[in-house]
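Side-chain atoms are counted along with the backbone in the values below, which use heavy atoms only and exclude waters and symmetry mates. Just so we're clear, the structure is a prediction, and the values are computed from it rather than from any experiment.
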Amino acid sequence: MTDPGPDPGPDCGPPAAWHRNAGRCVLLDGFHALKHALRFGAEVPVAVTSDRAGALALAGELAPDVREVLAGLLTEVSREAYASLVARPHPTAVAALAVRPSRAAGLEALAHTPRRAPVVVLDQPRNLGNAGAVIRLAAGFGATGVVTTGTLDPWHPTVVRGGAGLHFATVVERLEVAGLPPGPLFALDPEGEDIRGLELPDDALLAFGSERSGLTPELRARADRLVALPMRPQVSSYNLATSVAMTLYHWSAGGGAPRVP
């Protein structure tokens with residue numbers, strides 16, 4: 001017989017626990033988001049699946065390091081109950097809620113110097129999925145954090161989905177340009193110096209404008225240097241995540257990226 005997970009007891013089932021915690025938590029949509037969040041220390045008060053055996057089998061294959069933790073967390077619910085908790089059911093049929101990290105702790109980490117890795121700044125981003133992809137990249141390169149300016153919420157569920165739960169592997173905050181962390185600001189702009197001739201320091205802020213509008217005047221005025229990525233003439237721009245990946249790779253070429261064991 002398949003172990004259904006911990007007995008929730010009367011009036012304390014997963015849907016009730018979900019609704020109790022929803023206000024203070026962010027949605028982890030799918031197995032991979034939950035896997036990453038657990039690896040990086042997220043507090044997960046409730047996790048559900050409509051296929052517990054399948055989720056644990058997936059953990060055994062792809063994430064044995066968190067399988068035991070998942071076995072203690074995941075509670076199986078009906079497909080109907082699962083679908084009632086999420087706006088868009090994930091193919092892995094897994095969903096969880098995680099407590100959002102302390103903003104005060106995040107701001108302290110961003111402000112701490114000397115830094116061992118840059119902070120990525122997204123200036124007035126517009127696309128939720130692109131923001132999530134950037135956070136996933138930043139986590140992979142070991143960046144100190146990702147800061148957004150403007151109205152986009154970097155903890156929006158669509159951003160967290162795009163980031164595959166890796167918000168918990170780096171600092172993610174929204175700030176005004178005037179409140180950006182200390183450090184030399186290198187802003188990506190077609191009029192800047194070719195990045196191939198520059199060394200990006202570990203304590204840099206690497207700023208990227210939106211694909212449609214570029215850098216805001218406020219951010220441009222705050223920049224210490226404008227930097228350009230190599231691009232063939234008559235090509236308008238790169239995708240935001242591509243630009244961030246190219247820039248972080250250039251930084252990492254100086255030895256800053258995490259080493260693969």
Side-chain angles (χ1 to χ4, degrees), residues 36 40-41 100-128 130-156 159-160 162-189 192-193 195 198-210 214-216 218-229 238 240-258:
H36 283 139
F40 292 97
R100 180 169 169 171
S102 159
R103 177 172 169 84
L107 295 179
E108 182 179 357
L110 290 170
H112 179 77
T113 54
R115 282 192 293 269
R116 298 179 60 187
V119 173
V120 174
V121 179
L122 302 184
D123 187 29
Q124 300 275 0
R126 295 285 185 264
N127 186 285
L128 296 166
N130 281 349
V134 167
I135 291 165
R136 189 170 183 173
L137 278 166
F141 276 98
T144 295
V146 177
V147 170
T148 63
T149 69
T151 59
L152 182 143
D153 177 8
W155 285 89
H156 186 281
V159 183
V160 177
L166 284 163
H167 282 59
F168 294 90
T170 189
V171 178
V172 178
E173 291 293 343
R174 178 168 51 178
L175 295 170
E176 300 295 330
V177 171
L180 290 176
L185 196 155
F186 293 75
L188 276 289
D189 186 271
E193 304 171 64
I195 195 171
L198 298 175
E199 180 178 343
L200 300 176
D202 293 346
D203 63 349
L205 307 180
L206 305 176
F208 303 82
S210 70
L215 299 167
T216 60
E218 186 179 9
L219 194 287
R220 184 185 287 268
R222 165 73 170 76
D224 295 290
R225 299 180 82 160
L226 297 180
V227 180
L229 294 170
Y238 293 122
L240 176 61
T242 299
S243 297
V244 174
M246 292 172 70
T247 305
L248 286 174
Y249 181 80
H250 180 78
W251 163 72
S252 75

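Minimum heavy-atom separation, Ala111 to Pro182: O-CG, 3.9 Å. Shown here for Ala131 and Leu152, the closest heavy-atom pair between the two residues is CB-CD2, 4.2 Å. Residue Phe40 comes nearest to Phe168 through the heavy atom pair CB-O, 3.2 Å, listed as atom of the first residue, atom of the second, then distance. For Ser252 against Phe141, the heavy-atom pair with the smallest separation is OG-CE2, 3.8 Å. Across all their heavy atoms, Ala169 and Ala139 have their closest contact at CB-CB, 3.9 Å. Of all the heavy atoms in Leu205 and Val121, the pair that sits closest is CB-CG2, 4.3 Å.
Taking the side chain as every heavy atom from C-beta outward, Leu175 and Leu107 approach each other to under 4.5 Å. Residues Val159 and His167 form a side-chain contact, since some pair of their non-hydrogen atoms from C-beta on lies under 4.5 Å apart. Between Leu240 and Ser210 the shortest side-chain heavy-atom distance does not fall below 4.5 Å. Using a 4.5 Å cut-off on side-chain heavy atoms (C-beta onward), Pro125 and Asn130 make no contact. Residues Phe186 and Asp224 fail the side-chain proximity criterion, which asks for heavy atoms closer than 4.5 Å. Taking the side chain as every heavy atom from C-beta outward, Thr247 and Phe208 approach each other to under 4.5 Å. Put simply, the side chain of Leu180 reaches to within 4.5 Å of the side chain of Leu219, judged on heavy atoms. Between Pro118 and Leu200, the closest side-chain pair of non-hydrogen atoms is not below 4.5 Å.
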CA sep, side-chain torsions, deciding dist, call: Leu226, Leu215, side-chain contact (heavy atoms from CB on, under 4.5 Å)
CA-CA 10 Å; Leu226 297 180; Leu215 299 167; 4.3 Å; yes
Step by step, work out the side-chain contact (heavy atoms from CB on, under 4.5 Å) result for Asp202 and Arg115.
CA-CA 6 Å; Asp202 293 346; Arg115 282 192 293 269; 5.7 Å; no
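No donor-acceptor pair under 3.5 Å is formed between the side chain of His156 and the backbone N or O of Leu128. Of the possible polar contacts, none joining the His36 side chain to the Leu166 backbone as a donor-acceptor pair under 3.5 Å is found. The backbone N or O of Leu229 sits nowhere less than 3.5 Å from a side-chain atom of His250 that would complete a donor-acceptor pair. A side-chain donor-acceptor contact under 3.5 Å links Thr170 to the backbone of Ala143.
With rounding to the nearest 0.5 angstrom, the CD atom of Glu173 is 6.5 Å from the CG atom of Leu110. Thr149 contributes atom OG1, which lies 10.0 Å from atom CZ of Arg174 (distance to the nearest 0.5 angstrom). Rounding to the nearest 0.5 Å gives a distance of 5.0 Å between CZ of Arg225 and CG of Leu198. To the nearest 0.5 Å, atoms CG (Leu137) and OG (Ser243) are separated by 10.5 Å. Atom OG1 in Thr151 sits 6.5 Å away from atom CD in Gln124 (nearest 0.5 Å). In this structure, CG in Leu185 is found 5.0 Å from CZ in Arg222, a value given to the nearest 0.5 Å.
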